[in-house]
S.K.: 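Have a look at this one before I ask anything.
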Number of protein chains: 2
Amino acid sequence: MISDFDVLLKLAEENNLKNKNTVTTIGLSKSLTVSQQTISRKLIELEKAGLIVRNSSYRGITFSLTEDGTKFLNEKFIKLRNVLTKTTRNSIEGEIVSGLGEGKYYVSQKEYMLEFKKKLGFEPYAGTLNMNVNEMELAEFLSNIQMVVINGFKKSERTYGEIYSYPVRINKELEGAIIIPKRTSHSRKIVEVIAPVFLRGTLKLTFGDTIELIGKK
Amino acid sequence: MISDFDVLLKLAEENNLKNKNTVTTIGLSKSLTVSQQTISRKLIELEKAGLIVRNSSYRGITFSLTEDGTKFLNEKFIKLRNVLTKTTRNSIEGEIVSGLGEGKYYVSQKEYMLEFKKKLGFEPYAGTLNMNVNEMELAEFLSNIQMVVINGFKKSERTYGEIYSYPVRINKELEGAIIIPKRTSHSRKIVEVIAPVFLRGTLKLTFGDTIELIGKK
DNA sequence: ATTACTACGATCCGAGTAA
DNA sequence: TTTACTCGGATCGTAGTAA
């Protein structure tokens, strides 16, 4: 019995070894020891599931992993990493960048504000600190923090979605949280941090400075 | 369709590779969204395949992963790491720090110098640029560069060991290499960079500035 | 409470084969 | 050469249930 994971991992390996993204179902079937027909069907299923995009002809199949496909593998990687290595990532560093973030808009909404106060224990300053981080480090870091779900709401015909928040300690001084809107599916290089105070002011930071977040709990 | 990998990973997460732990088939069935009966059968199969040892009673199942079970997960982990790090990291940034490095001493040795010229294609300036980097980023970065081994030698009863060098491009302008003595076993936060010119002068850098290295090949 | 057997419908695999 | 369809046999998943 072959799984999506097996096939996707093999595709990712093929994709890396050669720079070409062309494979044949026969080649894959040999390296995975299943039939050509099964591979053909599996690739169709993976495409339907949105994990790859695919273009087949009588000369083979060209493909690439979608963002969701990479994310799928990355999640497995992080779980394995947490299980197989004793040291887990409970801190992350990042560079402060200027914000064109949507976060400020969110924290300005009264309804979110009340939720933040109730669930995180503080009323956030009406702005966010934007931070440039390594994507893989971020994924590892977040996987070790207990996520707090901030409920969405509806107001004047617009729907405001759920926000995932991750409590952190900032530069070993201040309490705060990383916030990530639920509907954001792509992985991020920039995250937004909220806190009860104006962080750039309180910590005397300028763009380009590095700050450290430590996961709480 | 649930795979051995899914179940084994969940088991490993449950006990975090401690020696023994107790789970219930009902609990596992909920977190993996399959039936209790399927989990029961899967655990029996995993035991027959030699991936876990298992002891069941009316109070639950105590189990542990066998060596083969851990190996199974570890192989997946390594494949994922190779695939995911290769696609993500071929550059690294770091801050220039003042050097108390041993590198300057090395590049001053005639024997090393000749090796550098022969194998890297340039004769290094007799000094190194010291750079503060994130250890994990460095490990990922270096794993993607083809290492060039600089041979050691003996001179007046002292042994000079091998040096590992990693060709890089500096700030998209200059050729150079990271050098790491072979006998250094601990992971490093500071690496030394060599180049055919005095880097701080040529690039007009001062301590605290950030530079970017891009892996070659 | 549990685990795990039986039975059977659902799903998967792959040989044959069309395009 | 390919990919990918059909379909029969094999395997999987789960409801019911015994222990």
Side-chain angles (χ1 to χ4, degrees), chain A residues 1-15 17-66 68-69 72-73 76, chain B residues 1-16 18-66 68-69 72-73 76:
Chain A
M1 182 74 38
I2 195 163
S3 65
D4 287 359
F5 173 74
D6 292 325
V7 181
L8 201 62
L9 177 55
K10 177 58 73 181
L11 285 176
E13 286 182 298
E14 292 288 329
N15 203 344
L17 287 171
K18 312 156 196 173
N19 278 342
K20 265 193 185 173
N21 314 354
T22 304
V23 292
T24 65
T25 53
I26 294 173
L28 289 173
S29 75
K30 280 175 185 162
S31 51
L32 290 169
T33 59
V34 286
S35 72
Q36 176 272 324
Q37 291 87 341
T38 295
I39 293 293
S40 174
R41 197 184 57 251
K42 277 285 171 189
L43 293 183
I44 293 168
E45 288 169 10
L46 286 176
E47 183 166 42
K48 275 185 186 161
L51 301 178
I52 64 171
V53 289
R54 191 180 62 101
N55 210 305
S56 66
S57 76
Y58 67 96
R59 280 155 59 175
I61 291 175
T62 56
F63 72 95
S64 64
L65 270 68
T66 62
D68 279 355
F72 179 89
L73 290 181
K76 303 287 186 187
Chain B
M1 181 78 36
I2 194 163
S3 66
D4 288 358
F5 174 73
D6 292 324
V7 181
L8 203 60
L9 176 55
K10 178 56 74 180
L11 285 176
E13 284 183 297
E14 289 291 329
N15 76 356
N16 209 22
K18 286 169 195 166
N19 277 347
K20 285 268 178 184
N21 209 343
T22 305
V23 292
T24 66
T25 53
I26 294 173
L28 290 173
S29 76
K30 280 176 184 161
S31 50
L32 291 169
T33 59
V34 286
S35 71
Q36 175 271 324
Q37 292 88 340
T38 295
I39 294 293
S40 175
R41 197 184 62 252
K42 276 285 171 189
L43 293 183
I44 293 168
E45 288 169 10
L46 285 176
E47 183 166 41
K48 276 185 185 160
L51 300 178
I52 63 170
V53 289
R54 190 181 62 102
N55 212 306
S56 66
S57 75
Y58 68 96
R59 281 157 60 175
I61 292 175
T62 57
F63 71 96
S64 66
L65 269 69
T66 63
D68 279 356
F72 179 89
L73 290 180
K76 303 286 186 188

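Letters go in sequence order (proteins before strands), and every chain restarts at 1.
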S.K.: Would you kindly give the CG-to-P distance between L32(A) and dG14(C), to the nearest whole Å?
M.R.: 11 Å

S.K.: Produce a footprint string for nucleotides 14-19 of chain D: one letter per nucleotide, 5' end first; B if the base is under 4.0 Å from any protein heavy atom, S if only the sugar-phosphate is, - if neither.
M.R.: BBB---

S.K.: I'd like to check the salt bridge (Lys or Arg N to Asp or Glu O under 4.0 Å) partners of D4(B); sequence neighbours left out, ordered by chain and number.
M.R.: K42(B)

S.K.: I would like to know whether S29(A) and Q36(A) meet side-chain hydrogen bond (donor to acceptor under 3.5 Å, both in side chains); could you show each step before the answer?
M.R.: CA-CA 5 Å; S29(A) 75; Q36(A) 176 272 324; over 6 Å; no

S.K.: According to a strict under-4.0 Å criterion, is T25(B) in side-chain N/O contact with OP1 or OP2 of dT3(C)?
M.R.: yes

S.K.: Could you tell me how far apart I26(B) (CD1) and dA4(C) (P) are, to the nearest whole angstrom?
M.R.: 12 Å

S.K.: Counting side-chain heavy atoms from C-beta on, which of dA4(D), dA4(C), dT1(D) comes nearest to R54(A)?
M.R.: dA4(D)

S.K.: Quick one: are I61(A) and L28(A) in side-chain contact, heavy atoms under 4.5 Å?
M.R.: no

S.K.: Which whole-number value in Å describes the distance from K42(A) NZ to dT11(C) C1'?
M.R.: 11 Å

S.K.: What contact category does S56(A) fall into here, base, sugar-phosphate, or nothing, at under 4.0 angstrom with non-hydrogen atoms?
M.R.: sugar-phosphate

S.K.: Over how many whole Å does the gap from I61(B) atom CD1 to dT2(C) atom C1' extend?
M.R.: 9 Å

S.K.: Is there a side-chain contact between K76(B) and K76(A) in this structure, where contact means two heavy atoms from C-beta onward sitting under 4.5 Å apart?
M.R.: no

S.K.: Starting from C1' on dC5(D), measure out to CD on E45(A) and report it in whole angstrom.
M.R.: 14 Å

S.K.: Return all side-chain donor-acceptor pairs below 3.5 angstrom for residues 49-58 of chain A, not counting sequence neighbours, or 'none' if the list is empty.
M.R.:
unit_1 : atom_1 : unit_2 : atom_2 : d
R54(A) : NE     : E47(A) : OE1    : 2.9
R54(A) : NH2    : E47(A) : OE1    : 3.2
S57(A) : OG     : R59(A) : N      : 3.0

S.K.: Starting at atom CG of L46(B), determine the distance to atom P of dT3(C), rounded to an integer number of angstrom.
M.R.: 15 Å

S.K.: At 4.0 Å (heavy atoms only), tell me whether T24(B) reaches a base, stays on the sugar-phosphate, or touches nothing.
M.R.: sugar-phosphate

S.K.: When you check the gap from the basic side-chain N to the acidic O, do E14(A) and K10(A) get nearer than 4.0 Å?
M.R.: no

S.K.: Output the rounded distance in Å from CG (D6(A)) to P (dC12(C)).
M.R.: 15 Å

S.K.: Distance-only, no hydrogens or angles: does the T33(A) side chain make a donor-acceptor pair with backbone N or O of K30(A) under 3.5 Å?
M.R.: no

S.K.: Tell me which nucleotide among dT3(C), dG13(D), dC5(D) gets nearest to the side chain of I44(A).
M.R.: dC5(D)

S.K.: Rounded to whole angstrom units, what separation is found between the CZ atom of F63(A) and the P atom of dA4(D)?
M.R.: 14 Å

S.K.: For DNA chain D, whose closest nucleotide is more 5', that of M1(A) or that of L43(A)?
M.R.: L43(A)

